[in-house]
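These notes are about the structure you will find just below.
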Amino acid sequence: MAKVVCLGEIMMRLSAEVGTRLNKAHQFDVFYGGGEANVAVSLANYGHQVQFASKIPDNSFGEAVTQHLRSYGVGTEYLLKGNGRLGSYYVEQGVSQRGTKVIYDRSTSAFAQMAAVEWVGPELFDGADIFHISGITPALSESWQQLTLELVQQAKKAGCNISFDSNYRKNLWTQKEAGAFLRKILPLVDYCSAGKLDAIHLLGIPETDASITYYYQKMQEMYPTIKAFYSTHRQVHSSSVNELQGTLFSGGVCYTSKQHMIDPIVDRIGGGDAFTGGILHGLLKERSPEEIIEFATAASVLKHSVKGDCNQFSEKDVLTFAESESAKIER
Ligand SMILES: O=C(O)C(=O)C[C@H](O)[C@H](O)CO
């Protein structure tokens, strides 16, 4: 069982029912999630010892996210409590050719307002194999850009592998700002979730008709110490029908999963985090690249079948699905 530390913001998601626009909504479904928290849940589901570090308010919503994380076995020792609110976001779910819309309300959250590393001492990373962070956190403030780099440096000093998911969010910062930050963090990263769009729009790699391997090769030339790049490729037929395929670039070779048809999609939010969770699990278990990419892509496909931000499947569930991949009833 490996030890993993995930750090980021966890929020309350308020989702209008399918077919209702946000400006007409009278009721919302409530979920809890955040890019890094979702990865923490996946890894805890697979049996790893995971801590989620963040800052939350000392009120009922802080309690709700703590219970959410604990219900999946994620450690909450490093959940700080303090001033500010729980960040939230609203979702208007896409239907047919209309895409999903997200509105954030998070700038005054306890986490977003942090201006110094408040976790005391190096023990946050003691014995940890991986420190996972994403591009959402540095997008929250200039302070968080500094803190992210500081934390990554501390984690590296403590011997952790650094996992970074670029997770570009256009509602939080510009491509130029994200690109400038990526150039600072990527030299420190070991495992990197970034695909073709990140390569073109954030790292300035010229667009060509070439396959994803070309973009991975270019990113690898820029950042030779990164041990693995990975991403999913989505063919969008409509908001509820997508095809999904995963790729993993490691040791100069690109490994491709089978292509999955997802029809219908129940909830696609967190599909990328489920994929990253699957990749990190495979890397921690030292599985072959072929096994890793099939597992991670299957985990992401499964996530699309359940409501909420996080993956709710065990390793056995994912393996069973990856092997059978059908709508059969298991008896
Ligand atoms: O969009 C964000 O910042 C979130 O963290 C909310 C979701 O859980 C996340 O986008 C899923 O990847």
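All of these numbers come straight from a predicted model, not from anything done at the bench. As the structure lists them, so they are numbered: ligands from 1, and atoms in each ligand from 1.
In this structure, Y46 has its ring center closer than 6.0 angstrom to the ring center of F295.
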Which pairs of nitrogen or oxygen atoms, taken one from ligand 1 and one from the protein, are under 3.5 angstrom apart?
unit_1, atom_1, unit_2, atom_2, d
ligand 1, 1 (O), Y104, OH, 2.5
ligand 1, 1 (O), R169, NE, 3.1
ligand 1, 3 (O), Y104, OH, 3.4
ligand 1, 3 (O), R106, NH1, 2.8
ligand 1, 5 (O), G35, N, 2.9
ligand 1, 8 (O), G34, N, 3.3
ligand 1, 8 (O), N38, ND2, 3.1
ligand 1, 8 (O), D309, OD2, 2.7
ligand 1, 10 (O), R169, NH2, 2.8
ligand 1, 12 (O), R169, NH2, 3.2
ligand 1, 12 (O), D273, OD2, 2.7

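Between the side chain of Q93 and the backbone N or O of S15, no donor-acceptor pair lies under 3.5 Å.
If you check the side chains of K227 and N161, you find a donor sitting under 3.5 Å from an acceptor.
Considering only residues two or more places apart in sequence or on other chains, D317 meets the side chain to side chain donor-acceptor pair (under 3.5 Å) condition with S314. In terms of the ring pair (Phe, Tyr, Trp, His ring centres under 6.0 Å) criterion, Y32 has no residue partners (sequence neighbours excluded).
Residue V266 is found outside any hydrophobic cluster, as its side-chain heavy atoms come under 4.5 Å of no other Ile, Leu, Val, Met, Phe, Trp or Tyr.
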